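Note that ligands are numbered from 1 as they come in the structure, with each ligand's atoms numbered from 1 the same way. Because the structure is predicted, anything quoted here is derived from the model rather than measured.
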Amino acid sequence: MDYTAKDITVLDDLEAVRKRPGMYIGSVGAKGLHHLLWEVIDNSVDEALAGYCNKIIVTLHSDGSASVEDNGRGIPVDMHELGRPALEIVMTKLHAGGKFGNKVYKVAGGLHGVGVSVVNALSEWLEVWVKRDGKIYYQRYERGVPKTDVIVVGETNETGTKVRFKPDPEIFEELNFDYNTVSRRLKEIAYLNAGLRVILRDERIGVEKEYMFTEGIIGLLKSLNKGKKVLHEPIYIQGSKNGIFVEAAFQFTDSEIESVHAFANNIKNTDGGTHVVGFKAGLTRAVNEYGKRNFKKFEILSGAEIREGLTAVISVKVPNPQFEGQTKSKLTNSEVKTVVESVVYSGVLKWFEENSKESEALINRFILIKRAKEAAKRAKELVKKREEASITLPGKLADCSSRKVEERELFIVEGESAGGSAKQARDRRFQAILPIRGKIINVEKAGMVKILKNEEIKAIITAIGAGIDENFELSKARYSKIIIMTDADVDGSHIRTLLLAFFYRHMRPLIEAGRLFIAQPPLYGVKKGGKIYYAYSDAELKKLLEKLGDAEVQRYKGLGEMNPEQLWETTMNPEKRILIQVKIEDAKKADELFRILMGEDVESRKNFILAHAKEVRSLDV
Ligand code: 0RA
């Protein structure tokens, strides 16, 4: 071979590709390796798309090479203007493929469509056979450089192209083609090109598979819906305009899931794009048009209401596809939307008009879904409103300043005077005080529903800020500790029971998380020699008196009897106080007790009081 100026540019191209393979195929790992194969396969698929080939055989050989054979027209071998055979130019020159006219729907450079010369440059060796004009032509290359001329090696009456290549170990970190990856892609190709026979031979494991789907994307749709309850036969629509070819197959199922699979020029677009937008617009418009024409008082349906349970496959063939994203996951050609929308609109409308029984059932389904979605939306708005309303904190709350929930404490304090003392006594940095009025509500007469309407209870809910019942979200609670601080008398005990029952019924996770406490104020103050000692139980008092001898004993009946300093020292100071953590069983008991005290059932209330007279008294202490 004699080298001319043109050969030098070929060598430049090869060098560029081998120097920066990532620029052309993304990576030199498994992904890049498979890109080589996709590139070669795409060329044959393009020939099939052009309508000249109906069979592609992919072979994974034991020596690490792969071959792709088709029965298309065969790559032209005649002399090209560069003074070399066209075949050689295609195989050695970057982006030369498109110039040869079979790539109407070729994918613009990048992921696929880099040209078979890139595959050649990155292969230890590559061999090509072309069957056309009654002859078999052959050429071999090593690392992209021709090692033979295009020579005739036999005769045939068939046409086609076969490329066999061995990825270069000097380039690739991964050299093994993955059977599953390859078979999955070939199956997809077969689905997307109805009638095309795609054969996979894996000589390494002695397996041969053939994919051929007469139904094309309808077959893909059916396989996607396998195991689902479908509501009708697949709807298939096709059409074209301005060189854009559109195919859509879809079907409604009884599931709630919408799943739309989109392809442009046989490439999967996982993020959809203009073809998907066009499909959705056309479908929505057609369904509403049909509804308006055939139903009295028809309410316009939204796209989402229509698409619940929809499975769809959309495949477009676009002359100059534009994609977004490294993996071509989204089609961006704006002209595609218009074409798909109009094809889908007229196709769907036609189907609905022709299949009135199915159409009526579908429209009724859409209306049902619309109602359900509206109801769900209203419920959501209600919760949101409630939450918004709860953002304004109750006026009586003396909040703390720390923003760290883990150190914030809320004291729910009974009585205005005790509330006042507590506000003076507290450490305002991390202790908040919510005073609640003496008898919040007539415990004996009011049920829980009424109690929830009670102003004091509402203040507690908003102060905690985590909602109630099934909408309660522990993570939203504004305090890490909720501390109930009530007087040690009958009223105090009533209120404590009510509060425990309330938390048990409406904020149970708070208790389960161990975040509800009962403050333990001292029962006695013992004065001796100008000093004051505290006793939290009768036993403690007894011990204290034994130690101190003669002393003045004061029994605290209410929190209000202590001055702020005393309240801080005895009940609120985290260093000295005693807090009783509420256990779920305690709260449950309180709830049972509350229900009986509430007394809807007079008989059981009587029995309970008789049976538990003692306990009730002790609770009331
Ligand atoms: C350019 C022109 C023609 C066919 C092809 C390329 C062609 C390329 C590949 C790649 C793999 N298989 C292929 N099959 C065909 C058409 C030439 C004519 O007019 O006959």
* To do: Test Ile25 against every option in Lys31, His34, His35 by the side chain to side chain contact (heavy atoms under 4.5 Å, CB included) rule and name the one that passes.
  => His35
* Mutual orientation of the aromatic rings belonging to Phe213 and Tyr191 [parallel < 30°, tilted 30-60°, perpendicular > 60°] -> parallel
* Taking the six-membered ring for Trp, are Phe250 and Phe279 parallel (under 30°), tilted (30 to 60°) or perpendicular (over 60°)? -> perpendicular
* Any atoms of ligand 1 less than 4.0 Å from a non-hydrogen atom of Thr161? List them with their elements. => 12 (N), 13 (C), 14 (N)
* Asked: If you count the atoms of ligand 1 from 1 in the order shown, which ones are under 4.0 Å from a heavy atom of Arg132?
  -> 17 (C), 18 (C), 20 (O)
* atom 16 (C) of ligand 1: which of Lys162, Glu69, Arg73 has the nearest heavy atom? -> Arg73
* To do: Nearest heavy atom to atom 4 (C) of ligand 1 wins, so pick from Gly74, Cys53, Ala48.
  => Gly74
* To do: Give the minimum heavy-atom separation between Cys53 and Asp70, together with the two atoms involved.
  => SG-CB, 3.8 Å
